[in-house]
Each structure stands twice: as C-alpha cells, then as structure tokens.
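A quick note: this is a predicted structure, and the numbers were derived from the prediction, not measured. All values below were derived from every heavy atom in this structure, side-chain atoms included, with hydrogens, water molecules and symmetry-related copies excluded.
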Amino acid sequence: MSFSTARSAAVLAVALAAFTVSCDAEPAAPPAASASSASSASSAASSPSAGTAPSPTAALPDPEKLPPEKVRDAFAGLQATLDDACTPGNCAYFLGRVYDELHRLDRAMKADAKGPGHFPEPIDLIVELDKQLGGDRSFENLKKHQTVLIGTRDKINTWMHGHPDDYR
C-alpha cells in the first residue's frame, strides 16, 4: 500500500471515529437559570422525557394522505429508479420503490391543474398495472409481475419524454 493510500485510509478512519463519537455525545446542558420559567416550562412539556424516544415510524405520514406533488417532482422520483435493478438483496426494495413512484406520479397527474385528461396514457397504464397486480403489492406478487411493472415504468418514461412541458 502506498503512503498516500495509507494516509487517506487513516484520515477516513479518524473522520469516521469522530463522527461516531459526535453521534454518541451527551446533549448540551440546559439553558441558564436566567431564562423565563414560562419558556422553560413549555420546552420541558414539548421535549420527550429522558430515556424515551419517539418511534421513527410514528412520525412518517401515510403517503396516500399527503398533498399531491407537482408532476415534475413525482416524475423525477420515477426516473431515479431507471439506474437501479432487481439484484439479490435489493429486489424487494427496488420493486416496491418502482410501484410507489408510479403511484406517486399517478396521484400528481390526477391532481394537476391541467386535469387527468391531460395524462391519459400514463394513467391508463397504471390502471392496467393495478388490474394485473390485483391489489397485492407484496414482494412475491411484484416479483411475479416484474416485467409488467418495469414495462409500465419504461412506457411512462417514454411518454413523458414526449411531453417535456409536463416535467420541466
């Protein structure tokens, strides 16, 4: 190993160790006693008690209940799946993400100011996909219909590239 490679590895190890230590550090001391009691009482009421942490999933909203996004933003999410693939250890995530991004785009198109009639082909492709999936978005079913799922993504990608005003 050359000297510069060893030095780079050492610098990386030190940076990672520092990051790890900073993540485990104790929180900053409470504000000085000069703060108003009302302020400290309200902050104490809003902060979790020591030793309890909120569940990470409790803070995640239901994607179906989120306000619709712009078509361009939802399409960007779908395009982000183009360079990924169903590989061992990643397939369930990948297929689930393609499914989620297609439905995110579907919601955005239906809520767009131009109206769902402006996006007939992509919406129809997603309706057809949903018929074939039969409401089952389990990994086993997505894997079984992988060709249709990926084909739907690719057809919508092609359609959108023919309508650049809708995603720029």
How would you list, by chain and number, every residue that makes a side chain to side chain donor-acceptor pair (under 3.5 Å) with Lys114, sequence neighbours excluded?
Asp166

State plainly whether one hydrophobic cluster holds both Leu82 and Leu105, where clusters connect Ile, Leu, Val, Met, Phe, Trp and Tyr through side-chain heavy atoms under 4.5 angstrom apart.
no

Quick one: are Lys131 and Val127 in side-chain contact, heavy atoms under 4.5 Å?
yes

Take Val71 and Phe119 through the side chain to side chain contact (heavy atoms under 4.5 Å, CB included) test and state the conclusion after the steps.
CA-CA 10 Å; Val71 170; Phe119 305 97; 3.9 Å; yes

Mind jotting down which residue pairs meet the disulfide (SG to SG under 2.5 Å) criterion with at least one end in residues 112-168? Sequence neighbours excluded, please.
none

To the nearest 0.5 angstrom, please state how far the OG1 atom of Thr152 sits from the CG atom of Leu129.
4.5 Å

Solution key, residues 87-99 side-chain donor-acceptor pairs under 3.5 Å, sequence neighbours excluded:
from  : atom 1 : to    : atom 2 : distance (Å)
Asn90 : ND2    : Asp84 : OD1    : 3.1
Asn90 : ND2    : Ala85 : O      : 3.4

Enumerate the salt bridge (Lys or Arg N to Asp or Glu O under 4.0 Å) contacts for residues 149-163, please, sequence neighbours excluded, ordered by first and then second residue.
none

The side chain to side chain donor-acceptor pair (under 3.5 Å) partners of Asp136 (sequence neighbours excluded) come to Ser138

Using ring-ring contact (aromatic ring centres under 6.0 Å, His included) as the criterion, list what pairs up with Phe75, not counting sequence neighbours.
His161, Tyr167

Taking atom CD1 of Ile123 and atom NE2 of His118, what is their separation to the nearest 0.5 Å?
10.0 Å

In short, disulfide (SG to SG under 2.5 Å) pairs touching residues 128-161 with sequence neighbours left out are none

Applying disulfide (SG to SG under 2.5 Å), which residue pairs with at least one partner in residues 127-168 are found, sequence neighbours left out?
none

One thing to verify: whether Arg104 and Asp73 come together as a salt bridge, which I'm taking to mean a side-chain N less than 4.0 angstrom from a carboxylate O.
no

Listed partners of Asp106 passing salt bridge (Lys or Arg N to Asp or Glu O under 4.0 Å), at least two apart
Lys110

Pair Lys70-Asp112, salt bridge (Lys or Arg N to Asp or Glu O under 4.0 Å): steps then yes or no:
CA-CA 7 Å; Lys70 292 183 178 182; Asp112 190 78; over 6 Å; no

So which pairs with a foot in residues 134-167 pass disulfide (SG to SG under 2.5 Å), sequence neighbours left out?
none

Output for pair (Glu101 CD, Gln79 CD), nearest 0.5 Å, gives 11.0 Å

Contacts of Arg72 meeting side chain to side chain donor-acceptor pair (under 3.5 Å) (sequence neighbours excluded), chain-then-number -> none

Rounded to the nearest 0.5 Å, what separation is found between the CG atom of Leu149 and the OG1 atom of Thr81?
8.5 Å

Are the side chains of Met109 and Met160 in touch, meaning some heavy atoms are under 4.5 Å apart?
yes

Who pairs with Gln132 by side chain to side chain contact (heavy atoms under 4.5 Å, CB included), at least two apart in sequence or on another chain?
Glu128, His145, Val148

